[in-house]
Amino acid sequence: MHDLRALREQAVELRAALRRRGQEQALAPIIDRAVQLDGDRRSTIQAVEERKAARNTLSQEVARKKKAGQSADEEQAGSRALGEEIATLESELAAAQGELDSLLLQLPNAVLADVPAGGEESNTVVRSWGEPRAASGVAPHWEVGEKLGLIDLPRGAKIAGSGFIVFRGAGAGLVRGLLNLMLDLHTREHGYEETWVPVLANRAAMTGTSQLPKFEEDMYALSTDELFLIPTAEVPLTNLYREEILPEAELPKSFAAYSPCFRREAGSHGKDTRGLLRVHEFDKVELVRYALPDRSAAELELLTGHAERVLQLLELPYRVVLLAAGDTGFASAKTYDLEVFAPGVGKWLEVSSCSNFTDFQARRADIRYRPADGGKPRFVHTLNGSGLALPRIIAALLEHGQQPDGSVLLPEALRSYTRTDRLT
RNA sequence: GGACAGGUGGCCGAGUGGUUGAAGGCACCGGUCUCGAAAACCGGCAUACCGGCAACGGUAUCGAGAGUUCGAAUCUCUCCCUGUCCGCCA
């Protein structure tokens with residue numbers, strides 16, 4: 001969410017940022033309307049408060065007169081009349097405020113200056129690591145997974161539907177091993193606080209991280225209880241400190257949590273959905289950081305490095321892609337995607353998305369810090385990244401580690417977790 | 001799920017319709033005192049919005065929302081949360 005004052009005073013800058021996302025045309029009317037509503041709103045506020053001040057004065061006069069045993073009928077009548085005016089003005093105000101709020105929630109974050117303008121085609125590979133394995137002769141992971149008895153897609157579909165996976169035997173062990181490896185790495189070596197969070201979240205939490213109101217149809221909802229299944233642990237982790245003020249000395253704060261993630265993926269059937277590529281429920285270790293504003297750019301690099309470290313330990317070749325403005329998510333100001341190469345499907349798979357949300361989520365969720373010098377509370381900056389999402393990692397491992405005899409060799413660092421160096 | 005009791009400032013805690021944004025205490029910050037510290041004493045210490053260059057002024061906020069009233073932390077209703085007991089239960 002944007003600051004109203006910034007919207008008013010820096011409308012030009014905001015429009016430029018939206019232009020780089022390719023959304024200026026679509027969103028300009030929203031900005032114009034918001035600025036107009038803001039003006040209306042402020043003049044109404046003045047009118048209301050003027051009357052409230054007058055009413056407060058009259059009420060005290062009533063109290064004084066009554067205490068003195070005098071009649072206060074005149075004051076009471078005047079106060080009543082003011083009350084009626086106030087009620088009228090307040091309903092105008094509520095209408096303007098309501099429209100303004102819903103408009104503000106529709107405006108995406110402004111991207112940072114070093115984010116390239118344009119759409120997906122302007123995404124930039126900033127670095128890569130490892131050598132992608134030649135694709136020839138490598139079977140896709142769904143074949144290997146089925147042959148080795150690691151993945152049971154038909155029975156997953158029987159239980160919950162297409163896009164729900166059953167991992168079996170060493171496949172289930174692989175899931176557990178990967179989660180433990182990631183959590184151990186981030187908590188012991190990267191300094192994150194290990195966290196276990198609810199996978200259901202309410203509307204306020206979902207709005208704080210901006211899953212709502214825009215993406216309601218992408219989530220599973222429990223309508224009787226007004227709860228949603230989280231699409232990522234970003235939601236609970238970022239809402240940990242919703243409506244709180246943190247001492248500056250506590251920043252940065254960092255949290256790592258495993259959670260299952262639920263995504264309806266409405267409308268995305270047919271494209272890259274085979275096997276483990278796109279599923280409705282998957283496991284992920286999520287990293288969230290709360291940072292000082294002037295540190296968030298550096299923190300994004302740090303966070304991305306933490307996620308990369310997992311891929312290095314897993315010996316999976318990957319590249320780091322700086323998303324162009326038009327491909328950057330709604331709430332994000334800058335995003336790096338980590339893509340790992342899967343030779344069996346011959347594709348780079350997105351396994352992590354690391355973003356700096358600047359104060360966009362903090363403003364929505366009202367997460368602030370009090371500066372060490374005792375000044376006014378300021379919004380923190382929030383960041384998050386997957387570290388990492390499992391199914392595609394498993395796909396990459398099954399394809400990358402394939403041996404001529406059909407077995408799968410596991411990376412060194414994973415072996416102590418899986419208690420085996422090879423899946424057969 | 002049922003019954004009862006509660007939700008007041010960073011914390012504790014007064015306050016059942018009228019200068020209560022809110023007594024008092026603790027914590028914290030500044031000062032006096034002291035060689036220094038402690039104690040004591042004095043002062044300060046919420047957030048948001050609106051107006052103003054500013055000084056400052058105004059409005060709102062006592063779990064949330066709605067209502068009654070000239071006026072609500074105080075009365076009514078709905079909801080949320082916490083505690084205790086009962087029921088149910090992995």
Side-chain angles (χ1 to χ4, degrees), chain A residues 1-9 34-105 196-208 212 221-228 236 239-251 253 260 359 361-380:
Chain A
M1 187 161 68
H2 293 278
D3 179 28
L4 260 180
R5 184 166 294 135
L7 187 77
R8 184 191 319 149
E9 291 167 4
V35 169
Q36 187 201 336
L37 281 168
D38 177 49
D40 294 352
R41 173 185 147 272
R42 281 182 297 141
S43 55
T44 310
I45 284 174
Q46 281 181 53
V48 169
E49 293 190 349
E50 205 173 275
R51 284 162 180 76
K52 282 188 174 173
R55 183 178 63 181
N56 287 343
T57 310
L58 278 179
S59 286
Q60 290 189 10
E61 190 59 17
V62 173
R64 198 189 58 77
K65 283 200 168 181
K66 289 205 165 175
K67 203 173 267 178
Q70 301 169 333
S71 157
D73 292 350
E74 215 168 287
E75 285 78 5
Q76 290 194 21
S79 189
R80 192 179 296 121
L82 282 171
E84 282 162 16
E85 285 183 56
I86 288 168
T88 307
L89 288 167
E90 280 195 326
S91 71
E92 280 172 33
L93 187 60
Q97 188 69 56
E99 187 183 346
L100 186 56
D101 288 344
S102 84
L103 289 178
L104 286 178
L105 289 176
W196 192 277
V197 292
V199 300
L200 294 177
N202 59 29
R203 191 166 280 278
M206 287 295 183
T207 305
L212 289 177
L222 284 74
S223 56
T224 41
D225 296 293
E226 274 272 331
L227 289 170
F228 299 87
N239 277 283
L240 234 33
Y241 289 95
R242 176 158 50 93
E243 291 158 33
E244 292 194 39
I245 300 174
L246 298 160
E248 176 173 343
E250 284 187 27
L251 296 173
K253 287 181 101 66
D359 63 357
Q361 290 182 326
R363 195 180 295 283
R364 285 182 167 226
D366 193 17
I367 307 166
R368 291 173 290 173
Y369 71 96
R370 188 176 297 282
D373 65 13
K376 290 276 176 200
R378 300 182 60 195
F379 290 110
V380 302

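All chains are named by letter (A, B, ...) in the order of the sequence lines, taking the proteins before the strands, and each is independently numbered beginning at 1.
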In this structure, how many angstroms lie between the P atom of B:C49 and the CD atom of A:Glu90, rounded? 18 Å
Atom P, compared across B:C42 and B:A27: separation rounded to whole Å: 16 Å
Taking CZ from A:Arg370 and P from B:C29, how many angstroms apart are they, rounded to a whole number? 14 Å
In whole angstrom, give me the gap between the C1' atoms of B:A54 and B:C45. 23 Å
May I have the distance from A:Leu227 (atom CG) to B:C81 (atom P), rounded to whole angstrom? 10 Å
Base, sugar-phosphate, or nothing for A:Arg8, non-hydrogen atoms under 4.0 angstrom? sugar-phosphate
Nearest-Å distance, CD (A:Glu50) to P (B:G57)? 18 Å
Sticking with atom C1', work out how far B:G18 lies from B:C75, rounded to a whole angstrom. 15 Å
Work out how far the P atom of B:U69 is from that of B:U76, and round it to whole angstrom. 16 Å
Among the nucleotides B:G58, B:A48, B:G18, which one has an atom lying closest to any side-chain atom of A:Arg368? B:A48
Less than 3.5 Å apart, any donor N or O on the side chain of A:Gln97 or A:Asp101 sitting next to an acceptor on the other? yes
Whole-Å C1' distance, B:C28 and B:G10: 9 Å
B:U34 versus B:A39 - spacing of their C1' atoms, nearest Å: 11 Å
So A:Lys67, base contact, sugar-phosphate only, or nothing? Heavy-atom distance under 4.0 Å. nothing
Between B:U59 atom C1' and A:Glu49 atom CD, what is the distance in whole Å? 4 Å
Which value, in whole Å, describes the distance between the C1' atoms of nucleotides B:U20 and B:U8? 11 Å
Name the nucleic acid region contacted by A:Asp73, choosing base, sugar-phosphate or nothing; use a 4.0 angstrom heavy-atom cut-off, strictly under. nothing
For RNA chain B, just give me the dot-bracket, please: Watson-Crick or G-U, both distances below 3.5 Å, ( ) intra-strand, [ ] crossing earlier pairs, | paired with another strand, . unpaired. ((((((((.[[[..)..(.....]]].(((((.......))))).((((((....)))))).[[[[[..)....]]]]])))))))....
Is it the case that more than 12 heavy atoms not belonging to A:Glu74 sit under 6.0 Å from its CD atom? no
With the threshold set at 4.0 Å, does a side-chain nitrogen-carboxylate oxygen contact exist between A:Glu90 and A:Lys52? yes
Could you tell me how far apart A:Leu89 (CG) and B:C50 (C1') are, to the nearest whole angstrom? 14 Å
Using a 4.0 Å heavy-atom cut-off, does A:Leu58 contact any base of the nucleic acid, only the sugar-phosphate backbone, or nothing at all? nothing
Atom C1', compared across B:G65 and B:G13: separation rounded to whole Å: 27 Å
Which part of the nucleic acid does A:Gln60 contact within heavy-atom distance under 4.0 Å: base, sugar-phosphate only, or nothing? nothing
Whole-Å distance separating the CD atom of A:Glu243 from the C1' atom of B:U61: 14 Å
Rounded to whole Å, please give me the gap between CZ in A:Arg64 and P in B:G18. 17 Å
When we call it a touch if two heavy atoms are under 4.0 Å apart, what does A:Arg51 touch: a base, just sugar-phosphate, or nothing? nothing
